[in-house]
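So that the names make sense, note that chain A is the first sequence line, chain B the second, and so on, each numbered from 1. Given the structure is predicted, the values throughout are model-derived calculations rather than measurements. We use all heavy atoms of the structure for the numbers below, so side chains are in, but hydrogens, waters and symmetry mates are not.
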Amino acid sequence: MAKAYWLFKSDPEDFGVAELKKCKNKTSLWDGVRNYQARNLLRDKIKVGDGVLFYHSQEKPPAVVALAKVVRAGYPDPTQFDKRSKYYDPKSTHEDPRWFVVDIRHERDLKRPVTLPEIRETPGLDKMVLVNRSRLSVQPVRPDEYKIIVKMGQST
DNA sequence: GCCAACGTTGGC
DNA sequence: GCCAACGTTGGC
């Protein structure tokens with residue numbers, strides 16, 4: 001199957017690119033997603049080798065800042081079973097886990113951030129989920145959209 | 001910090 | 001199964 005692309009949103013106050021790079025092998029599980037649409041993507045659609053646009057929300061301006069790669073496909077989110085975690089979900093069971101994660105590895109930072117206002121103005125990117133359904137925290141990206149953003153992030 | 005958009009919950 | 005109330009996200 002052809003490689004697919006995704007956009008993962010993070011709040012850099014909480015867990016941004018800097019934190020991902022500090023992880024062992026620059027790899028971390030992507031935990032805490034508690035939205036069913038995003039869950040379905042993590043569980044069913046996102047595969048090893050897929051490309052990830054790493055996006056910082058809550059920034060001025062919000063922007064795609066780095067590229068990452070999926071290194072492990074969907075498995076149950078351990079935080080849902082951890083009573084001390086803010087992501088603990090008492091209704092979830094090991095037999096029938098409700099929430100899923102994937103592992104991603106940091107590949108490289110873009111030479112410059114590609115900002116949301118820019119993305120809105122760029123022909124070919126106006127159909128992105130990011131522009132139209134901004135609250136979805138894990139979302140599909142078309143290959144042509146991915147290429148355009150990577151290219152924008154190359155130029156100074 | 002505000003608030004619009006939108007997802008979730010729960011009473012009926 | 002509807003929908004009002006409520007909580008959260010995220011751009012500005």
Side-chain angles (χ1 to χ4, degrees), chain A residues 4-23 28-46 50-70 73-104 106-142 144-153 155:
Chain A
Y5 299 95
W6 312 95
L7 183 144
F8 284 20
K9 258 188 233 177
S10 82
D11 178 355
E13 288 279 304
D14 182 25
F15 186 94
V17 167
E19 284 73 26
L20 180 61
K21 284 200 277 191
K22 274 181 226 152
C23 293
S28 174
L29 76 171
W30 198 254
D31 63 11
V33 173
R34 294 295 181 266
N35 168 286
Y36 286 103
Q37 225 180 317
R39 186 281 307 269
N40 293 344
L41 296 174
L42 292 168
R43 186 186 58 189
D44 305 329
K45 303 289 184 198
I46 302 181
D50 284 356
V52 172
L53 296 173
F54 199 107
Y55 178 86
H56 279 172
S57 60
Q58 317 284 115
E59 287 260 278
K60 320 179 281 188
V64 176
V65 293
L67 305 179
K69 183 172 272 193
V70 177
Y75 62 99
D77 184 343
T79 64
Q80 70 195 306
F81 306 122
D82 180 359
K83 285 203 173 69
R84 290 159 309 172
S85 169
K86 66 172 171 175
Y87 298 123
Y88 176 64
D89 184 348
K91 292 183 197 150
S92 187
T93 63
H94 284 86
E95 293 70 35
D96 186 21
R98 182 177 292 193
W99 306 113
F100 284 74
V101 295
V102 299
D103 289 356
I104 62 168
H106 178 265
E107 292 270 284
R108 63 181 171 86
D109 292 339
L110 295 178
K111 288 214 180 82
R112 64 172 188 89
V114 177
T115 69
L116 181 59
E118 264 184 287
I119 288 170
R120 287 188 191 284
E121 286 171 9
T122 304
L125 298 182
D126 55 318
K127 297 277 164 46
M128 283 187 74
V129 179
L130 183 67
V131 173
N132 297 296
R133 263 196 223 116
S134 80
R135 289 189 59 198
L136 191 59
S137 65
V138 171
Q139 46 182 265
V141 175
R142 296 209 317 256
D144 54 312
E145 295 165 341
Y146 180 87
K147 282 199 200 87
I148 293 169
I149 288 177
V150 170
K151 192 171 177 198
M152 288 165 79
S155 57

* Find out whether Asp77(A) and Arg34(A) are in side-chain contact, i.e. whether some heavy atom of one side chain is under 4.5 Å from a heavy atom of the other. => yes

* To do: Find the distance Asp14(A):CG to dT8(C):P and express it as a whole number of Å.
  => 15 Å

* Rounded to whole angstrom units, what separation is found between the NZ atom of Lys60(A) and the C1' atom of dG1(B)? -> 12 Å

* How close or far is atom C1' of dG11(C) from atom CD of Glu121(A), stated in whole angstroms? -> 15 Å

* Among Pro61(A), Pro62(A), Ser10(A), find the residue that satisfies the side-chain contact (heavy atoms from CB on, under 4.5 Å) test when tested with His56(A). => Ser10(A)

* Asked: Considering only side-chain heavy atoms of Asn35(A), which listed nucleotide, dG7(B), dG10(C), dG11(C), is closest?
  -> dG7(B)

* Round to a whole Å and report the spacing from CD of Glu59(A) to P of dG11(C). => 10 Å

* To do: In whole angstrom, give the distance that lies between atom CH2 of Trp99(A) and atom P of dG7(B).
  => 13 Å

* Asked: Between dC12(C), dC6(B), dG10(C), which nucleotide has the shortest distance from any of its atoms to the side chain of Gln58(A)?
  -> dG10(C)

* Tyr5(A) side chain near Leu53(A) side chain, heavy-atom distance below 4.5 Å -> no

* **Side-chain N or O of Tyr36(A) closer than 4.0 Å to phosphate OP1/OP2 of dT9(B)** => no

* Send over the distance from Lys91(A) NZ to dT8(B) P, rounded to a whole Å. => 12 Å

* Structure fact -> Arg133(A) CZ to dT9(C) P, in whole Å, measures 18 Å

* Leu136(A) CG - dG7(B) P separation (whole Å) -> 8 Å

* Asked: Which class fits the ring pair Trp99(A) and Tyr36(A): parallel under 30°, tilted 30 to 60°, perpendicular over 60°?
  -> tilted

